[in-house]
Amino acid sequence: MPSDQKPGIRPVRGKQVLVEAPAKVNLGLKILGRRADGYHDLDTVFQAVSLTDTLVLSERPSEAAEPGGAVHLTDEGLRLEVRSPWPVPCDDSNLAVRAARAFAGREGRSLEGLGLRIEKRIPPGGGLAGGSADAAGTLVGLAALWGLDASPQGLHDLGLGLGSDVPFCLMGGTARGLGRGEILTPVARKLEFWMTMVNPGTILKTSKAFAAFDPARHGRAGDLSRLVEALEEARPEPFVQSLGNTFEECLEGVFPLMRRLKDQLIEAGCSASLLSGSGATIWGLAWTEQQAREAAAVLRPHYPFVHAVRPIPFGPMVRMKL
Ligand code: C5P
């Protein structure tokens, strides 16, 4: 036995990077109009929150899957492992795999022998950018593993190629987004608050929600400049007054549970409630952790996903590098 492998001590494995990839909510969202390329122009305020997926990238992944995990080996030798309470694709269509592939292609690197483990806590199809968070986390994690530029600017174009929300997921914190949501201006948020998130288990497809947009009828809700000002100047009242999301108008007849959930959050003590992105997650505004947790406790027996979260001033965090 070599002298550095004493009984009971595991030999040192390859490098490992753990990334916490935050979900986002939209504090405000206005659909401005349909574009010639099939996308819609938006004006939105994104906020990163304390609900995260955990990603572990390893140079030499262990062969044994964690209990409850699904495993997939891609053609290029990347070993994907997904642990999730919800059905999430554990195959080449997973946005994290597509991110890894795009990054490796750009950098002329190989994914052979790499492991990517994803622990899902962000519900998919919930308007919380769960898939985009995983894509952003994968880019940041690979950059850390390979010693490359991990800045949101350096990864922006690659991110946008994967999805409209990925550039914000790389940046994190609070930001106003124009265009598809990728023309980002950071917001120096001083207003402090908590949120109670509820997802009824409904999966709403983003493209379908956008298809329900009728420019003649929808898009009046919310004043985004006033919202940003309220966040920067820590003014609760104008903040509450300027909350709005065009998707609430678009989905009125499509997602009838939305109105009920919004009302229930208010009845449970929240000071306002709003749909996040294209849904189906609704968040309730709370001024204290206690208010958020009490509202969560009221709703938890009735819905599969209820969480008290707070806004965070950063994006994907590399937590460990061995
Ligand atoms: O960019 P992403 O792949 O996340 O978008 C999914 C779908 O949502 C697009 O194919 C498009 O139908 C719609 N979308 C849009 N306008 C945006 C963002 C997304 O119409 N700004």
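Note that ligands are numbered from 1 as they come in the structure, with each ligand's atoms numbered from 1 the same way.
- Under the 4.5 Å side-chain criterion, counting only non-hydrogen atoms from C-beta, F103 is in contact with L148.
- Closest approach of P124 and V88 over heavy atoms only: CG-CG2, 4.0 Å.
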Apply side-chain hydrogen bond (donor to acceptor under 3.5 Å, both in side chains) to T288 and Q290, showing your working. CA-CA 5 Å; T288 62; Q290 192 185 348; 5.4 Å; no

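- Listed by chain and number, residues touching ligand 1 at under 4.0 Å (heavy atoms only) are G38, Y39, H40, L42, G163, S164, R180, T206, S207, F210.
- If you chain together ILVMFWY residues whose side-chain heavy atoms come under 4.5 Å of each other, F46 ends up grouped with F168, M171, L184.
- Among residue pairs with one or both ends in residues 281-308, those qualifying as salt bridge (charged side-chain N to carboxylate O under 4.0 Å, His left out) are E289-R293; sequence neighbours excluded.
- When the side-chain hydrogen bond (donor to acceptor under 3.5 Å, both in side chains) test is applied to N245, no partner is found at least two apart in sequence or on another chain.
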